[in-house]
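Notes for the one structure printed next.
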Amino acid sequence: MYSAIVIGASAGGLTALSQILALLPGTFPLPIAIVQHRMAGHSQLLEDLLNAKTDLTVLEPHPGQQLLPGFVYIAPGGYHLLIERNAQFSLSVDPPVCYSIPSIDVLFESAAQCYAQQLIGVVLTGANSDGSLGLRMIKNYGGLAIVQDPESAEVASMPNAAIKATNVDHILPLEKIADFLLKIVPSPI
């Protein structure tokens with residue numbers, strides 16, 4: 001039984017995230033935390049764009065906020081997003097990881113320590129290797145590792161790096177990811 005999903009995206013991520021989130025119902029039973037590489041100061045725009053595409057509620061979390069089903073949490077620009085062991089968010093201004101702040105690896109590694117085998121990690125399109133080490137940690141903790149098929153990615157570098165670094169469970173074309181999540185996550189009764 002899964003308790004949370006973490007998703008990492010970079011170049012081409014807005015399109016990929018929009019496509020996945022559009023297919024998830026507002027009653028989707030797991031919280032979703034996302035790192036989309038972006039600069040500080042562009043936060044509200046991404047939140048607004050994704051809210052227009054999904055029935056879920058998209059927002060930037062504040063420190064100490066609990067992860068709840070039906071919500072999509074987007075890392076704010078200029079901060080690393082972490083999930084603490086009590087399933088609450090924290091933010092960090094530590095140096096960039098893989099040239100990125102927020103960093104996918106930082107979110108994935110903290111989430112793996114919190115949720116272990118109850119976590120689903122998804123690496124989407126992007127232009128560097130961020131997310132590959134974090135996805136490997138998710139897998140090492142017993143979680144499920146999913147990577148967008150590099151052939152369906154706008155930029156294949158991140159999916160390729162994740163596949164190289166991790167024995168991933170599933171490599172899926174972008175258009176199949178939401179359907180797969182809906183199949184493996186039980187619907188609320």
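Position 1 is the first residue of the sequence; numbering continues from there. Computation of the quantities below employed the complete heavy-atom set of this structure, encompassing side-chain atoms and omitting hydrogens, waters and symmetry-equivalent molecules.
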Query raised in the report: Under 4.5 Å between any side-chain heavy atoms of Y141 and L119, yes or no?
Result: no
Query raised in the report: Any side-chain heavy-atom pair from I34 and L17 closer than 4.5 angstrom?
Result: yes
Query raised in the report: Quick one: side chain to side chain donor-acceptor pair (under 3.5 Å) partners of Q118, sequence neighbours excluded?
Result: S3
Query raised in the report: For T125 and E154, does a side-chain donor sit closer than 3.5 Å to a side-chain acceptor?
Result: no
Query raised in the report: Among side-chain atoms of N86 and E84, is any donor-acceptor pair under 3.5 angstrom?
Result: no
**Report entry** Set of residues satisfying side chain to side chain contact (heavy atoms under 4.5 Å, CB included) with respect to N167, sequence neighbours excluded
**Finding:** none
Requested in this report: State, with a plain yes or no, whether a side-chain heavy atom of V123 is found less than 4.5 Å away from one of I7.
Outcome: no
Requested in this report: Can you run down the salt bridge (Lys or Arg N to Asp or Glu O under 4.0 Å) pairs that involve residues 86-110, sequence neighbours left out, and say none if there aren't any?
Outcome: none
**Report entry** Listed once per pair and sorted, the ring-ring contact (aromatic ring centres under 6.0 Å, His included) pairs that draw on residues 83-116, sequence neighbours left out
**Finding:** Y73-F89
Query raised in the report: Do the side chains of N128 and S157 get nearer than 4.5 Å, heavy atoms only?
Result: no
Query raised in the report: Mind checking what makes side chain to side chain contact (heavy atoms under 4.5 Å, CB included) contact with Y2, not counting sequence neighbours?
Result: L30, I120, L144, I184
Query raised in the report: Do S152 and Q148 have side-chain atoms, one donor and one acceptor, less than 3.5 Å apart?
Result: yes
Query raised in the report: Which pairs with one or both residues in residues 160-173 pass salt bridge (Lys or Arg N to Asp or Glu O under 4.0 Å), sequence neighbours excluded?
Result: K139-D169
Requested in this report: Say whether S103 and H80, considering side chains only, have a donor N or O and an acceptor N or O under 3.5 Å apart.
Outcome: no
